[in-house]
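Report on one structure; see the data block that follows.
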Amino acid sequence: MGSLSVAQAAERLGVSVPRIHQRIADGSLAAERIGSQWVVDERSLLRIQERSKAGRPLSARSAWAVIAASEGDRDRLRARGPAASARARMQLTRLLEPAGEPSVGEEAVRELAVSLRSMLRNRAERRLFRAAPADLADLRSDERWAALVDFAASGIASGDVEAYVAESDVDRLVKDYLLVDVDREANVVLHVIPDGQYPFPNSRLRLAADLAEHRGPREEARAAQLLHELALERKAEER
């Protein structure tokens with residue numbers, strides 16, 4: 001991803017140049033000043049474009065119910081009640097239906113990734129940090145994680161740390177490892193969940209959402225592949 005001029009960003013979003021300057025000022029659009037001009041981060045712009053055309057994200061409870069449905073976790077679904085359980089299964093079907101095709105092109109992969117990010121965005125608060133590289137091994141083995149995200153299982157090697165963590169443990173982890181909040185070039189990604197929320201550590205749907213949020217072509221392709229696998233399995237179960 002590169003950078004765009006303010007005029008190019010305004011054209012992409014279909015808004016005025018002053019509106020882009022407003023977004024830069026309120027922090028909703030990442031940009032940096034080079035000389036007398038602002039340049040807009042293209043990745044940040046894509047997020048705004050995506051949110052304007054994507055469907056409304058599910059609540060945290062509903063997002064986790066869809067993940068429970070993908071895992072066939074009847075006990076956790078039953079605890080939500082019959083109406084919520086049926087709704088979660090319907091939302092899962094809607095998400096997986098486009099992924100059932102035998103071949104998925106580049107545009108289709110992109111649309112699946114957009115759907116994932118939109119539907120499951122609220123499952124956790126995603127926070128980016130920078131840690132000293134020498135601390136990453138100790139951070140990865142910390143016992144406070146609710147679940148580590150294992151991208152290696154997806155064939156994507158990474159030395160970074162990504163994990164789900166209970167809200168009550170975040171501040172102490174940040175202090176213990178001197179984590180620094182960043183907007184880009186993070187080597188630590190925390191998905192903050194309420195205390196007591198089960199993170200479904202082996203869920204392929206949750207992993208697909210984690211991958212899609214990185215927005216890279218390899219990660220999005222692997223996320224689409226995981227959805228395709230889940231879609232085929234559901235079709236087989238329905239026969």
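FYI, the numbering just counts along the sequence from 1.
Residue Asp176 qualifies as enclosed at atom CG: its count of foreign heavy atoms under 6.0 Å is above 12. No more than 12 heavy atoms of other residues, nucleotides or ligands shown are found within 6.0 angstrom of CZ on Arg61. Atom CD of Glu97 sits in a sparse spot, with 12 or fewer heavy atoms from other residues, nucleotides or ligands closer than 6.0 Å.
Among residues at least two apart or in separate chains, salt bridge (charged side-chain N to carboxylate O under 4.0 Å, His left out) pairs with a member in residues 77-90 are Asp75-Arg78. Sorted by first and then second residue, the salt bridge (charged side-chain N to carboxylate O under 4.0 Å, His left out) pairs with a member in residues 7-23 read Arg12-Glu42; sequence neighbours excluded.
Aromatic ring pairs are classed by plane angle as parallel below 30°, tilted from 30° to 60° and perpendicular above 60°; the pair His191 and Tyr164 is parallel.
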When you look at Gln37 and Val6, which way does the side chain to side chain contact (heavy atoms under 4.5 Å, CB included) test go after all the steps?
CA-CA 8 Å; Gln37 303 293 323; Val6 170; over 6 Å; no
Do Trp64 and Ile193 pass the side chain to side chain contact (heavy atoms under 4.5 Å, CB included) test, and can you show the C-alpha distance, the side-chain angles, and the key distance before you say yes or no?
CA-CA 11 Å; Trp64 286 110; Ile193 53 178; 3.9 Å; yes
Take Asp73 and Tyr198 through the side chain to side chain donor-acceptor pair (under 3.5 Å) test and state the conclusion after the steps.
CA-CA 12 Å; Asp73 193 327; Tyr198 183 62; over 6 Å; no
Going through the distances and angles, do Val180 and Val174 end up as a side chain to side chain contact (heavy atoms under 4.5 Å, CB included)?
CA-CA 8 Å; Val180 178; Val174 170; over 6 Å; no
For Arg94 and Met119: C-alpha separation, side-chain torsions, deciding distance, then whether side chain to side chain contact (heavy atoms under 4.5 Å, CB included) applies.
CA-CA 10 Å; Arg94 192 176 75 224; Met119 181 178 285; 3.4 Å; yes
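Contact of the Tyr177 side chain with the Asp142 side chain is registered, since non-hydrogen atoms from C-beta on lie closer than 4.5 Å. The closest side-chain heavy-atom distance from Leu128 to Val189 is below 4.5 Å. Within the 4.5 Å cutoff, side-chain heavy atoms of Leu179 are placed close to those of Leu139. Contact check for His214 versus Glu162: side-chain heavy atoms found under the 4.5 Å cut-off. Proximity of Arg215 to Arg117: side-chain heavy atoms (C-beta onward) are separated by under 4.5 Å at one or more points.
Residues Leu29 and Val39 do not share a hydrophobic cluster, defined by chaining ILVMFWY side chains whose heavy atoms lie under 4.5 Å apart. Grouping the Ile, Leu, Val, Met, Phe, Trp and Tyr side chains by contacts below 4.5 angstrom, directly or via other members, places Val192 apart from Leu207. In the hydrophobic clustering of ILVMFWY residues, with side-chain heavy atoms under 4.5 Å counting as a link, Leu13 and Val17 come out together. A continuous path of hydrophobic side-chain contacts links Val149 to Leu227 [ILVMFWY only; heavy atoms under 4.5 Å]. Leu77 and Val66 fall into different hydrophobic clusters, where Ile, Leu, Val, Met, Phe, Trp and Tyr are joined by side-chain heavy atoms under 4.5 Å apart, directly or via other members.
The main-chain N or O of Leu58 is found under 3.5 Å from a side-chain atom of Asn122 such that the two form a donor-acceptor pair. A distance-only check finds a donor-acceptor pair linking the side chain of Gln8 to the backbone of Ser5 [under 3.5 Å]. Of the possible polar contacts, one joining the Arg140 side chain to the Asp160 backbone as a donor-acceptor pair under 3.5 Å is found. The backbone N or O of Ala131 sits less than 3.5 Å from a side-chain atom of Asn187, completing a donor-acceptor pair. Between the side chain of Arg130 and the main chain of Glu185, a donor-acceptor pair closer than 3.5 Å is present. The backbone N or O of Ser168 lies less than 3.5 Å from a partner atom in the side chain of Asp195, making a donor-acceptor pair.
The heavy-atom pair separating Ala224 from Val109 by the smallest distance is CB-CG2, 3.9 Å. When all heavy atoms are compared, the tightest approach of Ser118 to Pro57 is O-CB, 2.9 Å. When every heavy atom of Ala113 is checked against every heavy atom of Ala212, the shortest pair comes out as O-CB, 4.1 Å. Nearest heavy atom pair, residue Leu205 against residue Leu116, reads CD1-CD2, 3.8 Å. Scanning both residues, Ala163 and Leu148, for their nearest heavy atoms gives CB-CD2, 3.7 Å. Of all the heavy atoms in Leu95 and Ser115, the pair that sits closest is CD1-CB, 3.9 Å.
Note that the CZ atom of Arg74 and the OG atom of Ser85 stand 11.0 Å from one another [nearest 0.5 Å]. Note that CD of Gln91 is 9.5 Å distant from CG of Leu120, once rounded to the nearest 0.5 Å. With rounding to the nearest 0.5 angstrom, the CZ atom of Arg76 is 12.0 Å from the CD1 atom of Ile67. Here the straight-line distance linking atom CD of Glu107 with atom CD of Glu111 works out to 5.0 Å at 0.5 Å rounding. The line from CG of Leu230 to CG of Leu92 is 7.5 Å long, rounded to the nearest 0.5 Å. Within the model, atoms CG of Leu112 and CZ of Arg110 stand 11.5 Å from one another, a figure rounded to the nearest 0.5 Å.
A cation-pi contact, defined as under 6.0 Å to the ring centre and within 45° of the axis, is absent between Arg123 and Phe200.
Classification of Asp210 and Arg206 as a salt-bridged pair holds, one side-chain N sitting under 4.0 Å from a carboxylate O.
Exactly one of Arg218, Glu220, Arg222 qualifies for a side chain to side chain contact (heavy atoms under 4.5 Å, CB included) with Leu211. That residue is Arg222.
Qualifying ring pair (Phe, Tyr, Trp, His ring centres under 6.0 Å) partners for Phe129, counting only residues two or more places apart in sequence or in other chains: none.
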